[in-house]
Amino acid sequence: MDYSQIIAALKEASLFDLYRLSAGINAMMDDPERIKTVKRNLKSGQHIRYYTEKDNTEVAARVLKIGAKYVQVEDIEGGARWRVPFHMINLCGVEVDIHTNGPSVKLDKNHLKNGEFIGFFDNHEQERHGRILRRNQKTVTIQTDDAGNWRVPYSRLFKVVDGNSAEVEDPTLIEGEIVSDVPQSTKSLFQDE
């Protein structure tokens, strides 16, 4: 399933439409046959990934115990132990990120993850960068290296792309390199005559 397309389509849905869909989805998540299917594919010691809404990300974990309603897991990074409901487990390795389609798409809670590096403009229109600590309904809490924590509305945010990252797949970006010392003859091409 392409979650990006589904979320884009749901932008037109009314609040009642969203509620009604939510009720139907919740009933499907409690379906005993679906739960049995997940349980049959799990075994103690197995490495899995589960999605957490709080951070909007996947977590790598190891199965410790399979219960009636939950799976007890241990996070690979950090070793924290959790009880995870079966519906949070991504057995099929489905892509969980929701991507923006073009630069004009406004960022919201679905597009960002806790810990992600992001940019924003402060009240003086100065560009700042930092890591997301928390995603709220209307704002994001960002920690910057120089000025502490900021609460920033989604409308002032922009994605920051790591040019060295191999996982960036954005058709609006072009490949290039930063030239630190431009020869004098090249500089004259950019000057007004």
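Sequence positions, counted from 1, serve as the residue numbers for this chain. Heavy atoms only: backbone and side chains are in, while hydrogens, waters and symmetry mates are out.
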Would you please test K65 and R83 for side chain to side chain contact (heavy atoms under 4.5 Å, CB included) and show each step?
CA-CA 9 Å; K65 182 179 175 187; R83 288 184 344 155; over 6 Å; no

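Between F120 and I142 there is a side-chain heavy-atom pair separated by less than 4.5 Å. A 4.5 Å side-chain heavy-atom check between K39 and I66 finds at least one atom pair inside the cut-off. Taking the side chain as every heavy atom from C-beta outward, V152 and T139 never approach each other to under 4.5 Å.
No more than 12 heavy-atom neighbours from other residues, nucleotides or ligands sit within 6.0 angstrom of CD on Q137. Around the CG atom of N123, the shell of radius 6.0 Å holds no more than 12 heavy atoms that belong to other residues, nucleotides or ligands. Atom CD of E53 is surrounded by 12 or fewer heavy atoms from other residues, nucleotides or ligands within 6.0 Å.
Linking Ile, Leu, Val, Met, Phe, Trp and Tyr residues whenever their side-chain heavy atoms come within less than 4.5 Å leaves I6 and M28 in two separate clusters. The cluster map of Ile, Leu, Val, Met, Phe, Trp and Tyr, joined by side-chain heavy atoms under 4.5 Å apart, puts L133 and L112 in different clusters. Hydrophobic clustering (side-chain heavy atoms under 4.5 Å, transitive across Ile, Leu, Val, Met, Phe, Trp, Tyr) groups I48 together with V84. Taken together through direct or relayed side-chain contacts under 4.5 Å among Ile, Leu, Val, Met, Phe, Trp and Tyr, L64 and V59 form parts of separate hydrophobic clusters. By the rule that hydrophobic residues join a cluster once side-chain heavy atoms approach within less than 4.5 Å of another member, F121 and V160 end up as members of one cluster.
Between L42 and Q46, the shortest heavy-atom contact is CA-OE1, 3.1 Å.
Here the CG atom belonging to D17 is positioned 12.5 Å from the OG atom belonging to S22, to the nearest 0.5 angstrom. Considering CG of L91 and OG1 of T37, their distance stands at 10.0 Å, rounded to 0.5 Å. We find the NZ-CG distance between K36 and N41 to be 14.0 Å, quoted to the nearest 0.5 Å. Atoms CH2 and CZ, on W150 and R128 in that order, are 4.0 Å from each other to the nearest 0.5 Å.
Partner N90 forms a side-chain hydrogen bond (donor to acceptor under 3.5 Å, both in side chains) with one of E58, R49, E95 and no other, that one being E58.
A donor-acceptor contact shorter than 3.5 Å is absent between the side chain of D31 and the backbone of A27. Between the side chain of E116 and the backbone N or O of K113 there is at least one donor-acceptor pair closer than 3.5 Å. Checking side-chain atoms of T141 against main-chain N and O of R151 turns up no donor-acceptor pair under 3.5 Å.
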Show me, pair by pair, the donor-acceptor contacts under 3.5 angstrom made by side chains of residues 71-82, not counting sequence neighbours?
{"unit_1": "E74", "atom_1": "OE1", "unit_2": "R62", "atom_2": "NH2", "d": "2.6"}
{"unit_1": "D75", "atom_1": "OD1", "unit_2": "Y50", "atom_2": "OH", "d": "2.9"}
{"unit_1": "D75", "atom_1": "OD2", "unit_2": "W82", "atom_2": "NE1", "d": "3.1"}

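Cation-pi contact between R131 and F117: absent, since separation from the ring centre below 6.0 Å together with deviation from the ring axis within 45° is not met.
A donor-acceptor contact under 3.5 angstrom links the side chains of N114 and R135, judged on distance only.
Two rings, from F86 and Y70, have their centers 6.0 Å or more apart.
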